[in-house]
Structure formats: C-alpha cells, structure tokens
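Note sheet for the following structure.
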Amino acid sequence: MDRGRFIEALSRRRLLLVPVSCSLSPVSSAAMPRYNHATIEPKWQAYWETHQTFAAPRLPSPGSKKLYALDMFPYPSGDGLHVGHPEGYTATDIVCRAARMQGCSVMHPMGFDAFGLPAEEHAIKTGEHPRSRTEKNIDTFRRQLKSLGFSYDWNRELATTDVEYFRWTQWIFLQIYDTWFDGEAQRGRPIRELPIPDDIRKQGEGAIRAYQDEHRLAYQTEAPVNWCPALGTVLANEEVVNGKSERGSHPVVRMPLRQWMLRITAYADRLEKDLDSLDWSEGIKALQRNWIGRSTGAEVDFYIGEPAPDEPACGEAASAAAEAASPRAGSPQAGSPGPSYAAWKKARDKGGFPRKPEDDVLRIYTTRPDTLFGATYMVIAPEHPFVERLTTASQQSAVKSYCEAATRKSDLDRTELAKEKTGVFTGSYAINPVNGERVPIWVADYVLISYGTGAIMAVPAHDERDFEFAQQFGLPIIQVVAKTSAPDKAALGEAASAAAEAASPVIECLAAEGVAIHSGPYNGLSTAQFKKKIAADLASQGLGREAVNYKLRDWLFSRQRFWGEPFPLLHELDSAGKPTGLVRAVDEKNLPVDLPHLEDFKPHGRPEPPLDKAPDDWLYPVIDGNRYKRETNTMPQWAGSCWYYLRFLDPQNDKAAIDLEVEKAWMPVDLYVGGAEHAVLHLLYSRFWHKVLYDRGVVSTPEPFRKLVNQGMILGENNEKMSKSRGNVINPDEVVAEYGADSLRLYEMFMGPLEATKPWSMQGVNGVFGFLNRVWRLVVDDRAEAMVLSAAVVDRPPTAEENRVLHQTIGAVTADIATLSFNTAISRMMEFTNHFTAASERPRQMLEKFVLLLAPFAPHVAEELWQALGHAETLAYEPWPAFDESLAREDSIEVPVQINGKLRSKLTVPAEADAATLEAAALADQRIAELVAGKQIVKKIVVPRKLVNIVVK
RNA sequence: GCCGGAGUGGCGGAAUUGGCAGACGCGCUGGACUCAAAAUCCAGUGACCGCAAGGUCGUGGAGGUUCAAGUCCUCUCUCCGGUACCA
C-alpha cells in the first residue's frame, strides 16, 4: 500500500507537462530571453509543489538505496532566516538532488524547533500568545526556505510546538521515566524489572515506590535556580549577567527548587564508546569525549572517627604550621592514630570496602592513588554533608561564614580564572590509610560537590591546584614522585625517613608521571605500576576500590517557563491538599497534556513555574477519587529537538511516535548537517534519548546520526561575526531578490570548504551570478527576439575532445559531491563553461549532461535550461550522467623535466609513455641537453605521468 | 592552562600516495564593442632582477629528512573555536 502511494506520486510527477510548456510563454514573450531568475525561480518552485516532486515514499522503494539527509531544523526567530542557515541546507540539498538522480530513495524533511524564550518574553510584554507569535515566525521561515528551492518533502513539516508532536515528546519522556539503568547489563530496562531488595520489600508498598523512584532515569532533586524577586520570575543562566538580571539589572539570588533530572550519566560509557562507530570528524568526537570527561582512578576512605559532637575541639591551629597538636589517644583528632583507628582498619580488612561510606570515614576520589603518601591535607567542598560535624568549636564561625559566602557565589564566580584560592581549616583531621599519618581537613570551594565524592586528598607536590592552595596557606608539600629518568638512589635510600624529608621545601609542582619515592614499600615503582598495585592493595584491605568518574552531569530537565512541553506527571495530594510525595504518570491514552489557557503571561511573582497560575480544572485533576496536582515545570527546548529526526519519518502517525517498520527502513540518518554550536549538547542529549529508545525497543539502531558535518560560520564582509550591532548582517531575502536563489546557493557553496569559517562577499555573489549568465548563454540565444537555443547548439555527437572535457567534468563533479567538496565541483563546472563559451559549436547532448550536473547546485536555472533543450518533465529524476573514464583520459600530457629539482623544461608525451621513453625524451630535449652538457649525471628519477628529475654534479 | 582547527598572491580559496605551488572566482591592468558608460568578449596578473631569452626568491617562522616538501619530522609564533579549579 505504501508502495502504491509512492508509485502514484511518481506518476503524478511524470504527467504534468502541459502546464509547464504553457508557463514557458511569459519568458518567450519577453523581448530578449535573458537569464531572469525572478521569473524562473517562482515558476519552478510552484511546479515542484504542484507536482509533489519531492514527496518521499513511506518506505524506500524496493531495491534502491536509501538516503536520509537531515538539516538541523532552525529555531524560527523573529529576525527571519540568516545566511548561515542556507549554507548547510544547500549542502544537503545538493546531496539529495544528486542522490535522486542516482536512483536513491531520498528522505529530506524540514521543520521547526519552535519552543523558546523569546516568544514567551514577547507574550509577557504584549499579551500575545506565544503560539501565535511562533506561528507567524514559522510562516516567515517557511516562505524564506521555499524561496531557496530546497527539495524538502514539505508534507512532513513539523514544529516541536505542535500538540500532536509534543504528545509524543511526552510519551518518550514517560518511557524514560519508566526506565532504570541496569549497570551490569549496561542497558535501560522497564522499572517493573528493577530487583527490589528484601529489606525494602519488607517496608511495604511506599518503600518500594520510593526505591523505584530513586532508580528511574527521570528523578526529582533540589537544584539551584536564578530567582529574580524584582521580575518575579526564574531566569535562565544566559539571562543573568554579573549576578544581575539581563533585563533591568535587578538582583538575582540562587535558591534551591524542586527539579526534574535525567540520568544521562548512566549512559556516559556508551555515549563515549559508541562515538568510535560514527563517521564524525575527530574534532567533534574529541569535543564530546571531553564533555563526557571519563577518568579512572580510585575511591579511598580516610578514617575520621565517629561523630562526637560533644567531644572538645582538638585541632586549634588555623594553619597547619602550628599544628603540633597535643596527642590525644583514640580518635584521629589526637596526635597519632590510636586504638579506634586500628579497630576500624581491622574491621575493614575483614568486612571489605562498603558500597556507601559509613559516617566514620571521608571518602575521596583520586586519579592518582600513587600519590597517597604525598597527601598532606584534605579538602571538602563547602556543600559537603560533613562540613558541620568536622568543624571544631574554635573554627565554627570561620567555616560558617566561608560556606555562606560560597553559596552566594554563582558557579561563574567560583570558577573564575586565575583567581586566588580560598579556604578554611575545619579543625579536624583524618588518617591516611596507607601510612597512618594525620592530615588536616580543610573546606575550600576549589573542590566541587558535584564531582567525585566532593572531597579530595590534596597532594600539593603533584597537583597544580593543591600546590597553589598549599603555598597560599603554608601547608606542607611532600614530593613522592620523581621525574622518570633517574630515580635517584639517595632519594630511594632516604625513603624510610619520609617524615624528615617532608620538611625540605619543594618549590616546584610535578604533575607528570614518574617514579615513586618516599612511598614506603612502593618506592621505585613507575606511576602506572604503582596505581595498579595500590588499587589491589587498597581493595584487599577494604580501604579503597577502583572508580570511574565523569565530568558529565545529570541533565537538569525542567524549566520554570510557560512555553514548553508540560510534563505528563501528577503529584498525589492528601486530604489536606499537601503533596504526598507520590508521583503518578499520566496514562498514555490521556496524552497529550496540552498547555492550559492563561488569562495573561505576566509572572505571578513566586519562584514556582508560571503554570502554577493555571485554572484549577487543569491543575488539579481527580482520578479514581484521588486528587492530584499536575507537574508545573515544563521541558527545556532541547526536548523537542531530541527526537524530531524520528518523527519526520512518520509524521502523521497517531498510534505511535514512529512505526517500527518505517524506522527500520530509514534509520539511521545518513548525513546530518548543522552548526558546530550544537556539537556538544544537542547531539549528546539526542544520542542519549535515542539509546534509551533503543534499549526500550522503540528504535532499532544504537546511534541516530551516522555521518555528521558541521558547516562553518559565515562572517560579515568585514571578517567579523555577523550581528545587528556590527551592522554587517546579510539578509537572504535581499540576495534572492537581486541575484536569485540559484546564485545564493551557488555562492555559499563556492565560498570555500563547507566546514570552514569564511567571510561574505557581495562581489563573490556577483561572480557566480555572472557564471550562471554564461551558462545561460551557453544554451540560449539571449539576443534573439524569442526563447530560442543559441546557434552554437548543434545536433551531433560530441567529438573526442568535447567528450574529454565533458567526462572530466562529470568525473570531478560526481566525486566532489560525494566528498561534499562543493567549491571545487563548481570550479570544474566553471572551467567547462569557460571552455565551451569560446567554442563555436556545442553539441546538444553534451549540454544536456552538463545541465544535469548543474541541477543539484542551481536547480531552477537547470530546470529552465532542461526545458529549453526540449524536455517536458522535471529533471529531478533524470539519470545522473555516467562517467566514462576512457573518454575522459588525455592522450598526451605535459611532463616537467627538472635538473637538481628545478623546473627546466617540459615534454609533451603520450600519456602512457613509460620510464625509458620519458628518460630518452628528456635527455633528447634541447634545453636539457644544453644544461647537462659537461656535467656528470649522478642520478635520474623518472616517474611516468609525473616528472623527470636529473641530478647532476 | 587544556582540547580541537587553521596560517598559501591584493582578497576568497585550489593542489591523489611527497612530484610543474597559486586551479576556479573576486579585484586589478590593457584591448575589442560603444558617442559614452554599463554589460559582454579577448589578453595579462605571486615578488624581485632582466630589453629579451631567462634567472633568483616564494605556502606564518627556524631547523631537519629526501633526487624532490604547502604536504613528512622537531621546535616555535599567530589567529579562530570549545572548555575551564572535574582531583
């Protein structure tokens, strides 16, 4: 049936000739049939639309290859299309048009990423509903895109704001919500398959649900937001500048709010590993790997003793220099490890390393467990849960004010470059498990609560940051790694007296790997050997274990906005109207959850999301006698763009997000082109969703985008980034009006390599416009009174010479399209045109092939010329000109002759001349003979087809 | 700092496995057409020396490998993008 529909589409396309020949008349009636883009382009765009020329079949036609070429769909901003958009769009369009001519089934859709802040801000200001503003912008974008002649199947157009689209975005969210990650199997599984531990089961249904909720890929947490009391709304990070609101410069405070998170970190390993299978540039892969930031090391527990709030403070020293604290038996707070430490160690030796740290230890993560002997202090993040209990009475006020200051700082303030390290001593100590040394514990904001365990052992001799901190606060620095070259004997010998050695000041920080010193039994080991050995030793004593960490954080997936997808979730309320903490997913059959009607879009002045002011009948549904409150957060803009490539394949499906048969036939995306600004987040989020869907059997491929290309940025004529403030923005509409879409397309492809950043040049546009005019005159007599072919167009087969030029062009253009080297493809077509502009005869069938080559690049003028050459149908499905290597081959070539590597003469020889022939010809050459005369020939290098080089003395 | 990418005429950019550096376009110069201009067509156009034939230099810089280097190796400078205390 699907095939039937496709065939029907095909026949419709092929039937239509009558109206076409009629519409030729306006051109022919013109006094002079000059190249006139203003009439040609709308004419063919209308033709393609009427005849559904580019409608894609439901499934690829049997026996043909499929091509799914996807553009990153635009956000329809109020400014309209930017010249950067058509760059990537033209590239994929060329590939698609060429592929159709090469017999591929092509999927080439377009849509709009239409949720977003600007429409909502506009709504707040004017009261106009974001939907109406968004639709107007989409209309502009659609018109502009259509004016450029892209061969999209517009029947598949979608916007992420379409209720029928976000119905399935919500459905996918529910799949994610319903999934937990099985670490053993490394895959997401339905929550009902989550094994429930017995002790949880015993506690009853509530405990089981809580346990499940803890394991879902979508979970709730408290996360800080930028609350602006003056504006009465929560701001996005980019709306906050220097701690003030971007609009109005009002103060912004960070406050915790209940948020939804997606557990993308569970997929970190797969997201990293599967990059290997993708045809993406190494640069982009590196960017993603970097972002994921996998590191391997060890978790180690440092004993700190039982919490004992009433125990008198012991470490009085604010700086470790004065740290000759009086020995006190028992706890680590005493001068030396006592009985309780020994008991703890014994217990660990027997019981092993616990999954979750107990209260008597500080667990740290390090990538350099080989430097454990060099740990001279520890640092915990200001948000670390142990801060309070580790702070001694005398340090209380200092620590408290330090931590408060840290919460006020934004992330940016805390990570400011080259800023001085700050921190404060807690007064407490931990015991280093490898040598029993007491190490002071500090609080400092250079340690992040969100990475690792939020606590570190500091090894100032071998870590730049620790080094800086230690210098700042006069903490000891002990070198435990020597440079690889010569582990000096003396150092090794002295290792026993490491403590004495500690006194000797180290003034340099050596972060590189090397050989262990001052490390007891480990002295002399290389960093790699040491790491391996200590990991095993720590594990066997129950003191540590190997661990992996990622820079990647879980994805903060909720926004306090109106204009986004509502979450299909309900919070159960008790009889008093208070949330019970239980969450219920909206039934699939009740999707979509549409946005409620609001009287206006003005902020309600509370940090809660705008949907909090929705009418009660939306906000408080009653199901089975239970009252619920809807989730009022909305999804971030990323959500809709995470899966649009799937919906394009089956946009009308009201039974499923996508039909599996369709998905199997078209996925993965074969070519995905877009700006590098999405190289990290969009692609990572999208790949993450795809992997969850893969695990849940919704899609059949582990990765969505096989080949990815990032187009380069287009700069203004002054070599600066285009921006309104710089006044160098080029409006595509104006270029189309003056030069036409074909010229715009051609110019953007001719500027340089697709991936390069390159400046705009109106003279360059004029240049390719001139080329299209020359092509036009190659075929059409533009001085005639009517639309007639140039007198030079003749009906005879091409000569060998003509074929040679033609087939060289076919070969080069075909190969260049395959490698996306459009700039060189165009230059080859220019050479063809230059060559035949000078010719007095141009065989028609040669011109036809040339027009077909040009068609993917400049489709409108190509269609018009194709018609002028006597064809009634569109050329969109004409077979691509076949390359015949034997016709392209030159009979005779020029071969340079060098003497001592310098060009001295050139030989014209048969192309297949062998080395002996070439050598003889070179020596026989008059000029060469003169230059060689009287000299001794040392060596002769002869490379057939390439060159002859004679080395003389 | 770290990770990517890139440096070639006046400008945008070409150059299989190392094999004639500067394809193609813009700009510029000269010529044809024109009363003139635009448009178009033809020719020239890396720098320097030379009347010419021809020669010397030349792909950010310095070394190196090679008969031969824009291309490979070492060091180095500059620009662009990403990232930023991730232990």
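It should be emphasised that the depicted structure is a prediction, and the values quoted were computed from it without experimental measurement. Lettering of chains follows the sequences in order, A, B, ..., and the numbering in each one begins at 1.
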With sugar-phosphate meaning primed atoms plus P, OP1 and OP2, does A:Arg294 contact a base, only sugar-phosphate, or nothing at under 4.0 Å between heavy atoms? nothing
Regarding A:Ile941, tell me which of base, sugar-phosphate or nothing describes its non-hydrogen contacts under 4.0 Å with the strands shown. base
Minimum-distance nucleotide (side-chain atoms of A:Leu947 versus B:rG25, B:rG12, B:rG19): B:rG19
By the Watson-Crick or G-U definition, both distances under 3.5 Å, B:rU83 is matched with B:rG1
Tell me what A:Lys551 touches on the nucleic acid: a base, only sugar-phosphate, or nothing, going by heavy atoms under 4.0 Å. base
Measure from CG on A:Asp781 to P on B:rC41 and round the result to the nearest Å. 14 Å
How far does the C1' atom of B:rU45 sit from the matching atom of B:rG9, given to the nearest Å? 10 Å
Base, sugar-phosphate, or nothing: which does A:Gly452 touch, judged by heavy atoms less than 4.0 Å apart? nothing
Write down the distance between CD (A:Glu748) and P (B:rG13), rounded to a whole number of angstrom. 14 Å
Roughly how far apart, to the nearest Å, are B:rG18 and B:rC67 at atom C1'? 12 Å
Using the C1' atom on both, measure B:rG58 against B:rA43 and round to a whole Å. 26 Å
Students often get this wrong, so: under 4.0 angstrom with heavy atoms, is A:Arg553 touching a base, only sugar-phosphate, or nothing? base
For the C1' atoms, the ones on B:rG30 and on B:rG81, what distance do you get once it is rounded to whole angstrom? 44 Å
Is it true that A:Asp466 and A:Lys421 have a side-chain N and a carboxylate O under 4.0 angstrom from each other? no
Parallel, tilted or perpendicular, as decided by the 30° and 60° cut-offs, for the rings of A:Tyr35 and A:Phe769: tilted
Would you kindly compare A:Arg777 and A:Ala286 by the position of their nearest RNA chain B nucleotide and give the one closer to the 5′ end? A:Ala286
Could you give me the CA-CA distance, side-chain angles and deciding distance for A:Ile534 and A:Val434, then say whether side chain to side chain contact (heavy atoms under 4.5 Å, CB included) is met? CA-CA 9 Å; A:Ile534 192 131; A:Val434 295; 3.9 Å; yes
Classify A:Ser761 by what it touches in the nucleic acid, base, sugar-phosphate, or nothing, heavy-atom distance under 4.0 Å. nothing
If pairing means Watson-Crick or G-U wobble with both distances under 3.5 Å, then the partner of B:rU78 is B:rA6
Does the structure place the NZ or CZ of A:Arg687 under 6.0 Å from the centre of the six-membered ring of A:Trp280, at an angle of no more than 45° from the ring's axis? yes
How do A:Leu287 and A:Arg368 order along RNA chain B: which one's closest nucleotide is nearer the 5' end? A:Leu287
In terms of side-chain heavy atoms of A:Val951, which of B:rG19, B:rA87, B:rC67 is nearest? B:rC67
Evaluate the ring planes of A:Phe836 and A:Phe832, with Trp represented by its six-membered ring, and classify them as parallel (under 30°), tilted (30 to 60°) or perpendicular (over 60°). tilted
With under 30° as parallel and over 60° as perpendicular, where do the rings of A:Phe530 and A:Phe373 fit, or are they tilted in between? tilted
If the cut-off is 4.0 Å, is A:Asn823 near the phosphate of B:rA14, judged by side-chain N/O to OP1 or OP2? yes
Classify the nucleic acid contact of A:Lys953 as base, sugar-phosphate or nothing, counting any heavy atom under 4.0 Å across all strands shown. nothing
Value in whole Å for how far the C1' atom of B:rC3 lies from CD1 of A:Ile284: 12 Å
Using the purine O4'-C1'-N9-C4 or pyrimidine O4'-C1'-N1-C2 torsion, is B:rG9 syn (within 90° of 0) or anti? syn
Ignoring backbone atoms, test whether A:Asn949 places a side-chain nitrogen or oxygen under 4.0 Å from the OP1 or OP2 oxygen of B:rU66. no
Quick one: the side chain of A:Lys421 and the base of B:rC85, do they pair up donor-acceptor inside 3.5 Å? yes
Of the nucleotides B:rU83, B:rU56, B:rA87, which has the atom closest to the A:Lys902 side chain? B:rU56
Tell me whether the rings of A:Phe469 and A:Tyr446 are parallel (<30°), tilted (30 to 60°) or perpendicular (>60°). tilted
Options B:rU56, B:rA87, B:rG27, nucleotide nearest the side-chain atoms of A:Gln763: B:rG27
Pair assignment for B:rC33, Watson-Crick or G-U wobble, requiring both distances under 3.5 Å: none
Are any side-chain N or O atoms of A:Glu748 and backbone N or O atoms of A:Glu87, one a donor and one an acceptor, separated by less than 3.5 Å? yes
Heavy atoms from C-beta onward define the side chain here; which of B:rA15, B:rC42, B:rU56 lies closest to that of A:Thr824? B:rA15
Any ion pair linking A:Arg927 and A:Glu930 (charged N to carboxylate O, less than 4.0 Å)? no
Using atom C1' of each nucleotide, how far apart are B:rG13 and B:rG22 to the nearest Å? 10 Å
Using the C1' atom as the point on both nucleotides, what is the distance between B:rC3 and B:rG63, in whole Å? 27 Å
Kindly say if A:Arg927 contacts the phosphate of B:rA53, meaning a side-chain N or O under 4.0 Å from OP1 or OP2. no
Under 4.0 Å, counting only non-hydrogen atoms across every strand here, what does A:Asn766 touch: a base, just sugar-phosphate, or nothing? nothing
Check the phosphate of B:rC67 against A:Lys946, side-chain N and O only, distance under 4.0 Å to OP1 or OP2. Yes or no? no
Under a 3.5 Å cut-off for both contacts, is B:rG46 paired Watson-Crick or G-U wobble with anything, and if yes, with which nucleotide? B:rC57
Using the C1' atom as the point on both nucleotides, what is the distance between B:rC72 and B:rU16, in whole Å? 16 Å
Heavy atoms only, 4.0 Å cut-off, all strands: where does A:Ser295 land among base, sugar-phosphate and nothing? sugar-phosphate
What integer distance in Å separates A:Asn290:CG from B:rG1:C1'? 13 Å
For nucleotides B:rC28 and B:rA37, find the distance between their P atoms and express it as a whole number of Å. 16 Å
A:Glu894 near the nucleic acid: base, sugar-phosphate alone, or nothing, with a heavy-atom cut-off under 4.0 Å? base
Could you let me know what B:rC67 is paired to, Watson-Crick or G-U wobble, both distances under 3.5 Å, or none if it's on its own? B:rG19
Paired with B:rG12: which nucleotide, if any, by Watson-Crick or G-U wobble criteria at under 3.5 Å for both distances? B:rC24
Between A:Lys939 (NZ) and B:rA68 (C1'), how many Å, whole number? 10 Å
Expressed as a whole number of angstroms, how long is the span from A:Leu715:CG to B:rA6:P? 17 Å
Let's see if you can work this out: which of B:rC24, B:rG19, B:rA87 has an atom nearest to the side-chain heavy atoms of A:Val943? B:rG19
Tell me whether the side-chain N or O atoms of A:Lys906 pair up with the base of B:rC20 as donor and acceptor below 3.5 Å, since no angle test is needed here. yes
Parallel, tilted or perpendicular: rings of A:Phe473 and A:Trp442 (30°, 60°): tilted
Closest of B:rA87, B:rU56, B:rC24 to the A:Ser827 side chain is B:rC24
Indicate, with a heavy-atom threshold strictly under 4.0 Å, whether A:Arg289 touches base, sugar-phosphate, or nothing. nothing
B:rC26 P sits how many Å from A:Phe750 CZ, rounded? 8 Å
Answer with base, sugar-phosphate or nothing: what part of the nucleic acid does A:Gly767 contact at a heavy-atom distance below 4.0 Å? sugar-phosphate
Rounded off to whole Å, could you give me the CE-to-C1' distance for the A:Met713 and B:rC80 pair? 8 Å
